[in-house]
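Side-chain atoms are counted along with the backbone in the values below, which use heavy atoms only and exclude waters and symmetry mates. Quick note: residue numbers are just sequence positions, from 1. Indexing begins at 1, ligand by ligand and atom by atom, following the structure's order.
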Amino acid sequence: MPNARVLIDGPSELVFDYAFPDELPVRPGCRVRVPLRNRTATGTVLAVVPSEDLGFATRPLQSLIDPEPLITPALLELAQWMADYYGSSLESVIRSLLPESVRSEENHAKSQKMVQLLRSPTLEEIETLGRKAPKQQAIITRLLDQSEQKILLAELGKGASASVKSLEKQGLVRIFEEEIRRAPDADLQEQIIESTPLALHEEQQQALTAVCQLVEAPSKPLLLLGVTGSGKTEVYLQATRYALDQGKTVLVLVPEISLTPQTVRRFKSRFAALIDQVAVLHSHLSQGERFDEWHRIRQGKARIVIGARSAVFAPLPDLGLILVDEEHDSSYKQDTAPRYHGRDIAVLRAHIERCAIVLGSATPSLESYQNCLDEKYLLQRLNQRADAHSMPVVRVVDMRIEQKKQKNSQTIFSDPLRSAMEKRMERGEQSILFLNRRGFARSLQCPACGHACQCPHCAIALTYHRTDERLMCHICGFQSIVPRRCPECKDPAIALQGFGTQKVEEVLAKIMPRARIARIDADVMRRKNSLRDQLNAFKAKKIDILIGTQMIAKGLHFPNVTLVGILNADIGLHVPDFRASERTFQLITQVAGRAGRGELEGEVIVQTSTPHAPAIQYARRHDFDGFSEQELEFRRAFGFPPFGRCAVLTVRSTHERRAEFTLQTLHRRLLENLPPHLNISEPLPSPLVRSHGQFRFQITLRGPQARPLTRHVQSVLQKTPLPEDVIATFDMDAINFS
Ligand code: ADP
Ligand code: ZN
C-alpha cells in the first residue's frame with residue numbers, strides 16, 4: 001500500500017504518513033481526513049511515498065475529501081518555496097493559498113430545485129387540464145413562456161409542489177437540481193458595453209508584440225515601463241485577447257480592487273461577450289461566492305481572473321499570461337504571515353508554470369528595474385501619453401517661503417495652491433488634494449530651512465520617540481537627543497511635522513466656504529460602499545475638491561480633474577525607511593498622472609520645505625531614469641535592496657519589559673554563529689513603539705542573500721522558547737519599517 005504524507009491543518013505544523021489502498025486516487029494537493037491520536041483531523045497531502053521507503057507501519061487514511069487535488073503541483077511547489085523563503089510554516093502558506101471557503105467542508109456548491117417541461121402538451125391536453133386541474137394548467141402555461149422552458153420550483157409559489165408532482169407523474173415535466181452560481185456582481189446591476197480594441201501606437205505595438213512572443217515562448221519577465229496615461233492597459237487588454245485565443249488563461253493582479261474600479265471595468269467591457277469567463281476576486285465576496293468563483297476558475301470556466309495580492313494563487317489551469325499592474329505598489333506585500341510579496345510570487349509562479357509575465361508601472365520598483373539592468377528582465381517602454389495630451393505641468397512650491405509670508409509655521413495651503421483651487425471652482429473643474437500619512441508626526445523638520453534630522457551612518461530619517469525624548473535610526477541604532485534649535489540654521493521652530501485629513505478639511509472649509517468638499521481616508525474606507533459612493537459623487541461632479549491619502553493615488557481616471565495638490569510632500573521623504581525617496585517619487589508621479597486625463601490640461605502643485613530634494617525634482621520633470629540612477633547609487637553605497645536583502649524581526653507584547661528582554665535574548669543568540677556578511681542592528685523600539693496596546697521592538701537584518709538570513713533567524717527562533725505573551729514575527733524583504 002502507498003502512503004500519503006499529510007500536513008495536518010492547524011498551527012502545530014504536524015506531518016504524518018498514512019497508508020491508503022491503491023485504488024484510492026490520492027495525489028499531492030488532495031485534501032484528506034486522517035486519524036490523529038483519538039480524533040479525526042483534516043490535512044493536505046504533500047507527497048505520495050511507497051511503503052518500502054518508510055520501513056515502518058502507518059495508520060490508514062480515513063477518507064479523501066475531494067476526488068481532485070485542490071492544489072495543483074505547481075502551486076504546491078510555490079507553497080514550499082514560500083515557506084522556505086519567508087520562514088513561514090507551510091501550513092500557514094497553504095492556508096493563504098486555499099481560501100477558507102474552499103477548505104471548509106461546509107460550503108458546497110449551491111443547487112436549487114428546477115421544473116422543466118419535457119414535451120409540449122397538445123392543445124387538447126391543455127384544455128383538459130384547464131377543466132380538471134386549473135393549477136396544473138397555469139404551471140404549464142408559465143413554463144411555455146420561459147426560456148428553456150424551465151423555472152425555479154420556488155418561483156411557482158407555495159402549494160405548487162403537489163401540482164408539479166402530478167405533472168411529473170403524467171410525464172409532462174421533470175424536477176431536477178441545478179447548480180447555481182452565486183454571482184458576485186449581481187447587485188451592482190452595472191451596464192457593460194463592449195469596447196473595441198484601439199489601433200495601437202507604435203510603442204504600444206512593440207510592447208504587445210513582445211508580450212505575445214512571450215505567451216508563445218515564455219522566457220524572462222517583462223517590465224512595461226510606461227508613463228501614466230501611456231496606454232499600458234490597452235496593451236494588457238490586447239495581450240489578454242491574444243492569450244485567450246491561444247487557448248490559455250490570464251491572471252491580472254491589481255493593487256486593490258476597490259481602488260482600481262476603472263481597470264476592472266475596462267477588462268469587463270473589453271470582454272463583455274465573454275463576461276461569464278471573467279472572475280473578479282473581491283475582498284467583499286461572501287464565502288459562498290468565493291467558493292463558487294474558486295471552482296469556476298479551477299474548472300477552467302473563468303479564464304480571466306482579476307484580483308489583488310491573494311489572487312496570485314487563483315487555480316487557473318493552462319495559465320498563459322500573468323499581468324501585474326502597478327507592480328511597485330506596496331499593497332502587494334502581505335503584512336501578516338506568510339509575509340509574501342504578491343509581485344514576487346507572481347514572478348515565481350510564472351517561472352514554475354512556464355507562462356509569460358508582465359510587470360507594469362510608470363514608476364517601477366527599483367528591484368524590478370535593477371533586474372532589467374542586470375538583464376534578468378526584459379524592458380519595454382512607453383514614453384508618450386496615448387491620448388496625445390501632454391504630461392501635466394508640475395509646480396513645486398517652497399513652503400519655507402510661504403510660511404514666512406503667511407507668518408505661520410503650520411500653514412497648510414500655500415497662496416499658489418489656494419488661488420489654483422479658486423480658479424478651478426470658477427471654471428467648474430475639479431481638484432484633488434493628497435496628504436501623505438506615512439510617518440505622520442514622527443520626523444523632525446525645520447520649517448525655516450527645511451532641514452530634516454538624519455542618521456549620519458545610514459542617511460535615512462531619524463525617528464522621534466516620545467517616551468525617552470530621543471531620535472533614533474532604525475537601521476543601525478544610532479541615537480541622539482532632540483535638538484532645541486535646528487542644527488542647520490539654528491531656528492528654534494524645528495518641530496514634528498504633520499496634520500491629518502480632518503484638519504485639512506476643516507481649514508479648507510474655512511478658506512473656501514462655497515466649495516463642496518469630500519474626504520477619503522482610512523475611516524471612510526472602513527464603511528461599506530462609502531468609498532464607491534464618494535467616487536461616484538466625485539465623478540458626477542457633485543464634489544469640487546476631494547481630499548485623500550495616498551490610497552487614492554492609484555488608477556483613478558477623472559477627465560474633469562485639472563488640479564492636483566500634494567500638501568506635504570516632505571513627510572514621505574523623512575520616514576525611517578531607505579525607500580523614502582522612492583515612495584515620494586512614486587507618489588508624486590502617480591498623483592500627477594491623475595491630472596489632465598481629459599481634454600483639459602492638468603496642473604500639479606507640490607508643497608514642500610525641501611524643494612531641491614532629488615525625489616521631488618525628478619518627479620517634477622517626469623524623469624524616472626534620472627531618479628533611478630541617483631537612487632540606485634545610494635542603495636548600492638549602503639548595501640540596501642536591490643543590492644542585498646533586508647528583513648525585520650519584531651517582538652511584541654502587552655508587557656513592555658518582557659518584549660524588550662526577549663528581543664535582547666534573540667539578538668544575543670543571533671550574534672552567535674553569525675553567518676558571514678550578515679549585518680544585524682541593535683534591538684530597538686519600533687518606530688511605532690506602541691500599537692494596538694502592544695509594545696514592539698525590532699531588529700533590522702541585512703545580507704547579500706535572503707535564504708541564509710531566513711535560515712539563521714529561523715534556527716534561533718526554533719531554539720528560543722518565547723514567554724507566553726510574547727510574539728515574534730519575521731518579515732523577509734520588509735517594506736514597512738514601522
Ligand atoms: P495607462 O494604463 O498607461 O495609465 P491607459 O491605458 O489608461 O494608460 O490609457 C490612457 C488613455 O489613453 C485612455 O483613455 C485610453 O483609452 C487611451 N488610449 C490608450 N491607447 C490608445 C490608442 N492606441 N489610441 C488612442 N487612445 C488610446
Ligand atoms: Zn543609522
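If you look at Leu198 next to ligand 1, the close heavy atoms, those under 4.0 Å, all belong to the side chain. Within the 4.0 Å heavy-atom criterion, neither part of Arg385 lies near ligand 1.
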Go through the steps for Arg343 and Ser365 under the test side chain to side chain donor-acceptor pair (under 3.5 Å), then give the verdict. CA-CA 11 Å; Arg343 173 201 61 217; Ser365 63; 3.1 Å; yes

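Listed by number with element, the atoms of ligand 1 under 4.0 Å from a non-hydrogen atom of Leu200 are 23 (N). In the vicinity of Arg266, heavy-atom distances shorter than 4.0 Å reach the ligand 1 atoms 5 (P), 6 (O), 7 (O), 15 (C). Annotation for ligand 1: atoms under 4.0 Å from non-hydrogen atoms of His201 are 22 (C), 23 (N), 24 (N).
At least one N or O atom of Lys232, backbone or side chain, sits closer than 3.5 Å to an N or O atom of ligand 1. Ligand 1 has an N or O atom lying under 3.5 Å from an N or O atom of Ala199, backbone or side chain.
Using a cut-off of 4.0 Å between Lys/Arg side-chain N and Asp/Glu carboxylate O, Arg296 and Glu293 are scored as salt-bridged. Between Arg514 and Glu422, no side-chain nitrogen of the basic residue sits less than 4.0 Å from a carboxylate oxygen of the acidic one, so the salt-bridge criterion is not met.
At a 4.0 Å cut-off, not a single heavy atom of Gln262 sits close enough to ligand 1 to count as contact. Ligand 1 lies within reach of Ser230, whose nearest heavy atom is under 4.0 Å from it.
The number of heavy atoms from other shown groups lying within 6.0 Å of CD (Glu629) does not exceed 12.
Using cut-offs of 30° and 60° for the angle between ring planes, the Phe634 and Phe640 rings count as tilted.
Closest heavy-atom approach to atom 9 (O) of ligand 1 among the candidates Pro197, Gly226, Gly231, Pro559: Gly231.
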Acceptor/donor pairs from residues 303-323 side chains to any protein atom, 3.5 angstrom cut, sequence neighbours excluded:
from   : atom 1 : to     : atom 2 : distance (Å)
Arg303 : NH1    : Gln277 : OE1    : 3.3
Arg303 : NH2    : Leu244 : O      : 3.0
Arg303 : NH2    : Lys248 : O      : 3.3
Arg309 : NE     : Gln334 : OE1    : 3.1
Arg309 : NH1    : Ser331 : O      : 2.8
Arg309 : NH1    : Lys333 : O      : 3.3
Arg309 : NH2    : Gln334 : OE1    : 3.3

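For the side-chain hydrogen bond (donor to acceptor under 3.5 Å, both in side chains) with Glu234, the lone residue among His201, Arg266, Gln204, Arg270 that qualifies is Arg270.
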